Amino acid sequence: MEFSLGQIAELIGGKVEGDNTLKVRRLDKIQEGLPGGISFLSNEKYESFIYETKATAVIVSENFEPNKPLSTTLIRVKNAYEGFTTLLEAYAMLVQSSKSGIEEPSFFDETSSIGANYYRGAFSYVGKNCIIGSSVKIYPNAFIGNNVKIGNNTVIHAGVKIYDNTQIGENCEFHPGAVIGGDGFGFAPLPDGSFKKIPQLGNVVIEDNVSIGTNTTVDCATMGSTLIKKGAKIDNLVQIAHNVIIGENTVIAAQTGISGSTEIGKNCMIAGKAGIVGHIKIADNTTVGANTGVSKNITKSGQTLFGYVGYDIKDFLKSYSLFKKLPELLDRIKELEKKP
Amino acid sequence: MEFSLGQIAELIGGKVEGDNTLKVRRLDKIQEGLPGGISFLSNEKYESFIYETKATAVIVSENFEPNKPLSTTLIRVKNAYEGFTTLLEAYAMLVQSSKSGIEEPSFFDETSSIGANYYRGAFSYVGKNCIIGSSVKIYPNAFIGNNVKIGNNTVIHAGVKIYDNTQIGENCEFHPGAVIGGDGFGFAPLPDGSFKKIPQLGNVVIEDNVSIGTNTTVDCATMGSTLIKKGAKIDNLVQIAHNVIIGENTVIAAQTGISGSTEIGKNCMIAGKAGIVGHIKIADNTTVGANTGVSKNITKSGQTLFGYVGYDIKDFLKSYSLFKKLPELLDRIKELEKKP
Amino acid sequence: MEFSLGQIAELIGGKVEGDNTLKVRRLDKIQEGLPGGISFLSNEKYESFIYETKATAVIVSENFEPNKPLSTTLIRVKNAYEGFTTLLEAYAMLVQSSKSGIEEPSFFDETSSIGANYYRGAFSYVGKNCIIGSSVKIYPNAFIGNNVKIGNNTVIHAGVKIYDNTQIGENCEFHPGAVIGGDGFGFAPLPDGSFKKIPQLGNVVIEDNVSIGTNTTVDCATMGSTLIKKGAKIDNLVQIAHNVIIGENTVIAAQTGISGSTEIGKNCMIAGKAGIVGHIKIADNTTVGANTGVSKNITKSGQTLFGYVGYDIKDFLKSYSLFKKLPELLDRIKELEKKP
């Protein structure tokens, strides 16, 4: 499939600077652009590539001002990143096939129901009394236990496991190997030093438009619900413990862990490998840096935390730069001690 | 199902303060308690909720003294947490169905055996020469390789993979997606900078009453056995490398990693995201804090370690509080340097 | 099977010091050696065990000089570790069965092809238009999507998921539960605070001789390819984000995370739990310590980084030893301040 730059400009609401009859048939990264490809420039880190790219065209923002000659054709839009995203979406509609139908063998208990336009892959399993909406895709080797509700247009990728009593909204996506509703980690100590398991009788509730990453684990509540609110986006290998609440549109990057009963506000950004202790509350709009530990309530909205035991990022970095200079500080103290 | 407070008090060895004919039919979290529910109060962080809860009854410890009026009915027991756990267990027996029988298609090699009262879910796989005890539950999409032994009453959840020669005790639980006996990470460097795999010929031995969390990985030994002793409880997304030994009743929280050939003593508590290097020994009763690195032998029992390269938690926190004040310390040094 | 020490010495190019007709039938760890077993001593940490071992024989390096009497028989080779590895490989050939054939039910789309001498386990799934080489082993419950290419002799373990358009070389090994080609974590913010998914249209390319650990996740590129070059060895529970490039023969230990679009050079060693931010380049031959964060380009080859925000390991450890002494430094500053 080939498209003219004029067609693309129309799709993304942009303007071609040059020959709008040129044709492209591929999306290229700007640093790997070749004739027939279209790229975009948004992050200024990559600006140098636009002067060298062999891509036929590059989408740039309205205010981009080249400081060297260009051999590619520009399409200007209000926001290059958004424009390119629109193009990606259109392209995805063309190239990504939509799965439908049943592949056998698959297992679907007769007490469960599923809406129209579904896909049930081979070796997928649906237990008892499940109510599954329409246009739901269940990939091969996925497991859905008993009494699970799943809203319309939700995608359950290969090997996902969704345990009993989980409730899932519409337009969610569960990436391969994610586990929803496994038992929370609850054990009561016994006098002899051993532990007995505390039954985990609650469930997981996931609202609309949530994305759960590959091999991520979301445990069921001891009682009540572990709750992930609408629009939250969770990356790969994240651990969400029992009775955690994740606020609306909060984004959590890979390998982060949230301990039991903690409540994260809405519109938070939590970077990779962060660790948040149990039984605390994090205010809305909090940013938590990579590998940052959070050990107490964050009550003021809009802060950015960073550090081993995290606090204000500017203060941490100031101290960390002095940490690097500790040998020098020691020398200065020694010098002072030599004074009479 | 409804139960009177009198019936519940009898079950958990407690005493009703008020009307013991009141009925409850639900376990509620105290902060979400509603009429018809019974809650508990153990962690004092949650005390404020008892004065507001709409739960019909709350289980509290003998020595709880309310400092405001209550509108709920108290059931006093020696230990509120244990009392509630007992109640949870009784409730779990009532509501959790016990799986049994075979769902087809499933795969079970004719050279293997399994005891009475089993569950073998659809798409579960059991290889050659396995000896599986009675009352073992194997959920859908679980994989069990060759020459695996599994003791009575052990539960293998959906999508668990147990590789060849693994030996598992009684009353163990393997949460969804856990992998036991994958190859250890062993490669020998070659002169050209590449690596060749060192065959991993050992196995994994897991004793009785062990719990292994969701998507956790326990590698087989290079030779001999990776060993998890009885009563150990391991959370989600934990990495246990080849030839590691985990002591009795040791508890390891989510996302912790233990490197090869390290031996952890018994009754240790290891918090989330800790990292322990290879080829060391950790004494019994050691507590390792969240995100703490342990880089050398811990020979004295009963210590609590914390920090980036972990050591005594009190000492670390003292230094960390001064780390935060490094800019101020620098100013004080500058001030001193100004003196004649 | 029994072998004489003479036979073993010949296999590994070594020399028996003593009776070369003695027989062994087992590989033992030196600290657990028993009669009939053969062990090796390479890491000097374990030297004390050679004086106590009951193993019939121990493989040691040419230059090993015992400082106490020995009751075991030595086999000397140039390099004890390599000698033992050779022995392990020979033993593995004898004891590890090679899977072959088809177990039913399995799913294999008619538009796909697979070479000779394959294994396709029960409940394994191969989608459309895949081209799979010869001697490829696909274990039970593995999922392979559409348009996937897999080279000869590659092993796909139980429950591995390989998504559409992935290209895999020869002699690779994918350990259980690994996920290749799941969607990258890309969302564009919308004015109302919610996010829309950016389609992830690229793929994953994995060259020859790559090993991917248990439950590790390698995301597909937004555009272009996430690329793992030949000989790279990646451990368990590692996160490789979209558009990352991993260089030849680079080794990455468990629970490390590499953020999007970062490029790691060749022959790097990255220890466990390291975290590397996105959009940076790490030079060849870089060593990154355990739990180390890397936040900017590393342009000079051959460095060893360590620390919370990592830099030169020697400098970090110097500062960390002073961090431990901060209370003492404060006292010294106070003492200085008392001076007139």
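Keep in mind the model is a prediction, meaning the values are calculated, not measured. Labels below follow one simple rule: chain letters A, B, ... track the order of the sequence lines, proteins then strands, and each chain is numbered from 1.
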Is B:Val309 in contact with chain C via its backbone, its side chain, both, or neither, using a 4.5 Å heavy-atom distance?
both
Mind checking the CG-OG spacing from C:Asp208 to B:Ser194? Nearest 0.5 Å is all I need.
12.0 Å
Identify which of C:Leu88, C:Thr86, C:Thr85 forms the greatest number of heavy-atom pairs closer than 4.5 Å to chain B.
C:Leu88
Can you tell me which portion of C:Leu329 sits under 4.5 Å from chain B's heavy atoms? Options are side chain, backbone, both or neither.
neither
Select, from C:His175, C:Arg26, C:Glu32, the one with the greatest count of heavy-atom pairs under 4.5 Å involving chain B.
C:His175
Applying a strict 4.5 Å limit to non-hydrogen atoms, the region of C:Asn209 in contact with chain B is neither
Engaged part of B:Thr292 at the chain C interface, taking heavy atoms whose separation is under 4.5 Å
neither
Any side-chain heavy-atom pair of B:Asn291 and C:Asn291 under 4.5 Å:
yes
Select one option (side chain, backbone, both, neither) describing which atoms of C:Ile252 are under 4.5 Å from chain B's heavy atoms.
backbone
When the 4.5 angstrom heavy-atom criterion is applied to B:Asp315 and chain C, the contacting part is neither
Can you see whether B:Phe185 has C:Lys233 sitting over its ring - NZ or CZ less than 6.0 Å from the centre and within 45° of the normal?
no
Side chain from CB out, backbone as N, CA, C, O: work out which of these in B:Gln200 comes under 4.5 Å of a heavy atom of chain C, or both, or neither.
backbone
Which atoms of B:Asp164 are under 4.5 Å from chain C, going by heavy atoms: the side chain, the backbone, both sets, or neither?
neither
Verdict with supporting geometry, B:Arg332 and C:Lys334, side chain to side chain contact (heavy atoms under 4.5 Å, CB included)
CA-CA 9 Å; B:Arg332 289 164 71 175; C:Lys334 282 181 181 164; 3.7 Å; yes
Ignoring hydrogens and geometry, is there a side-chain-to-backbone donor-acceptor pair from B:Lys339 to C:Lys339 under 3.5 Å?
yes
Side-chain (C:Asn236) to main-chain (B:Thr217) donor-acceptor, under 3.5 angstrom:
no
Ignoring hydrogens and geometry, is there a side-chain-to-backbone donor-acceptor pair from C:Asp235 to B:Gly184 under 3.5 Å?
no
Whatever's closer than 4.5 Å to a heavy atom in chain C on B:Ala142 counts as backbone
At a heavy-atom separation under 4.5 Å, does B:Phe316 approach chain C through its side chain, its backbone, both, or neither?
both
B:Ile333, part contacting chain C, at a heavy-atom distance under 4.5 Å
side chain
Between C:Gln255 (side chain only) and B:Thr256 (backbone N and O only), is there a donor and an acceptor less than 3.5 Å apart?
yes
Among C:Thr214, C:Asn43, C:Asp28, single out the residue with the greatest number of heavy-atom pairs under 4.5 Å to chain B.
C:Thr214
Please classify the contact of B:Leu336 with chain C as side chain, backbone, both or neither, using a heavy-atom distance under 4.5 Å.
side chain
By side-chain contact (heavy atoms from CB on, under 4.5 Å), which residues pair with B:Val155, not counting sequence neighbours?
B:Lys137, B:Tyr139, B:His157, B:Glu173
Chain C contact via B:Lys325 - which portion, at a heavy-atom distance below 4.5 Å:
neither
Would you say that B:Tyr163 contacts C:Pro176 through its side chain, given a criterion of any heavy-atom pair below 4.5 Å between the two side chains?
yes
Once you measure the plane-to-plane angle for C:Tyr320 and B:Tyr308, does it fall in the parallel (<30°), tilted (30-60°) or perpendicular (>60°) bin?
perpendicular
With side chains defined as the heavy atoms from C-beta onward, is the minimum distance between C:Lys29 and B:Asn243 less than 4.5 Å?
yes
Part of B:Val238 lying under 4.5 Å from any heavy atom of chain C
backbone
Contact class of B:Ala122 relative to chain C, heavy atoms under 4.5 angstrom
neither
Hey, mind stepping through C:Glu103 and B:Tyr125 against side chain to side chain contact (heavy atoms under 4.5 Å, CB included) and telling me if it holds?
CA-CA 10 Å; C:Glu103 292 164 350; B:Tyr125 181 100; 2.7 Å; yes
